[in-house]
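So you know, we letter chains A, B, ... as the sequences are listed, proteins then strands, and number each from 1.
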There are 2 protein chains.
Amino acid sequence: MTTATSSRELAHPAREEIRLESVLHALSDPMRMQVVRELAEAEGELSCSYFDLPVTKSTTTHHFRVLRESGVIQQVYRGTAKMNGLRRDDLAALFPGLLDSVLDAAARQERRLADG
Amino acid sequence: MTTATSSRELAHPAREEIRLESVLHALSDPMRMQVVRELAEAEGELSCSYFDLPVTKSTTTHHFRVLRESGVIQQVYRGTAKMNGLRRDDLAALFPGLLDSVLDAAARQERRLADG
DNA sequence: TGCCTCGTACGATACTCACCGTACTACGAG
DNA sequence: CTCGTAGTACGGTGAGTATCGTACGAGGCA
């Protein structure tokens, strides 16, 4: 069997519908920021269950939906798994340099808080 | 009279207390983003009353407080006026390039939505 | 067919937040 | 001292949201 994409569809904003406010709001939650950082490191698609967030499954679903509806990630079903990927191209086209500087800022803050 | 700074003090987070989540949250509100953009253009301090926001005075106070407590702006009393300035140096030290790419993103989005 | 896993849907809860109006304080000008 | 202006404090309201638990659906596997 070819691990085909399921027919279940998920609503995503088109590139031109993505709003800066929504992106910043999506990234202002530590849980979601963590997800985005891991997706950025992975450089590929990760399933929802890959992430070990300190919340229940339903809350996890909620956070992924916020990220998808704000245009930060794209999601697609692959069998029972739901794969997640950063919308790097769309974000770079709309807001050049934004994603990278946010990821860099998050990395710096983590280092700063860890080193004490 | 020398327009001296009043003795009324305002609580600001120290540079190392500024958190990325809080900054992003502060910037995720269109009203506050507008304030930050005007402060960035002005390259100096502006009084609260300079801004013509479509909300009441009390709501304006609320937004300025969010910006101050997140570390995005500094505020100081000068007579009856309260002057506001971007904390460019602190933000640049903590999150290099972040403020500029956010401001650029906001400008691009405004242009994009205006041009249609 | 039946089971297990991944993820959703829904309802509930508690909290945050954007907003308002009113009453108030601080300061400068006359 | 009195008045006007800038901004605060406080209480309230309605909307959003982060969280949970439970029940459910979809797909792979035995």
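- Listed by first and then second residue, the side-chain hydrogen bond (donor to acceptor under 3.5 Å, both in side chains) pairs involving residues 91-105 of chain B are Ser101(A)-Ser101(B), Asp104(B)-Arg108(B) (not counting sequence neighbours).
- A donor-acceptor contact closer than 3.5 angstrom is absent between the side chains of Thr61(B) and Ser58(B).
- When rounded to the nearest whole Å, the span between CD of Glu69(A) and P of dT8(C) equals 11 Å.
- Across the protein-nucleic acid pair, Arg78(A) atom CZ and dG28(D) atom P stand 12 Å apart, rounded to whole Å.
- Note that CE of Met83(B) and CD1 of Ile73(B) are 11.5 Å apart. Values are rounded to the nearest 0.5 Å.
- The pair Glu43(A)-Arg88(A) meets the salt-bridge criterion, since a charged nitrogen lies less than 4.0 angstrom from a carboxylate oxygen.
- Tyr77(A) has a side-chain polar atom (N or O) that falls below the 4.0 Å cut-off from OP1 or OP2 of dT8(C).
- For Thr80(A) and Val66(A), each mapped to the nucleotide of DNA chain D holding its nearest heavy atom, the one lying further toward the 5' end belongs to Val66(A).
- Leu10(A) has its side chain out of reach of Val76(A): every pair of non-hydrogen atoms, C-beta onward, lies at least 4.5 Å apart.
- Listed candidates were dG7(C), dG7(D), dC19(C). Nearest to the side chain of Ala81(B) is dG7(D).
- Atom CZ of Phe64(B) is separated from atom P of dA6(D) by 13 Å (rounded to the nearest Å).
- When rounded to the nearest whole Å, the span between CZ of Arg65(B) and P of dT16(C) equals 14 Å.
- Two residues are said to be in side-chain contact when any heavy atoms from C-beta on lie closer than 4.5 Å; Gln74(B) and Asn84(B) fail this criterion.
- Within residues 53-62 of chain B, the residues that place at least one heavy atom under 4.0 Å from DNA chain D are, in residue-number order, Lys57(B), Ser58(B), Thr61(B).
- With dT5(D), dT19(D), dT17(D) as the choices, the nucleotide that has an atom nearest any side-chain atom of His63(A) turns out to be dT19(D).
- Distance CD (Glu21(A)) to P (dC17(C)): 18 Å, rounded to an integer number of Å.
- As a whole-Å value, the separation of Asp52(A) CG from dC6(C) P is 12 Å.
- Here Lys82(A) does not pair with Glu45(A) in a salt bridge; the nearest charged N to carboxylate O distance is not below 4.0 Å.
- Regarding Phe51(B), its CZ atom lies at a distance of 10 Å from the P atom of dG7(D), rounded to whole Å.
- The CE atom of Met83(A) sits 13 Å away from the P atom of dC6(C) (whole-angstrom rounding).
- Phosphate proximity of dA18(C) to Arg32(B): present, with a side-chain N or O under 4.0 Å from OP1 or OP2.
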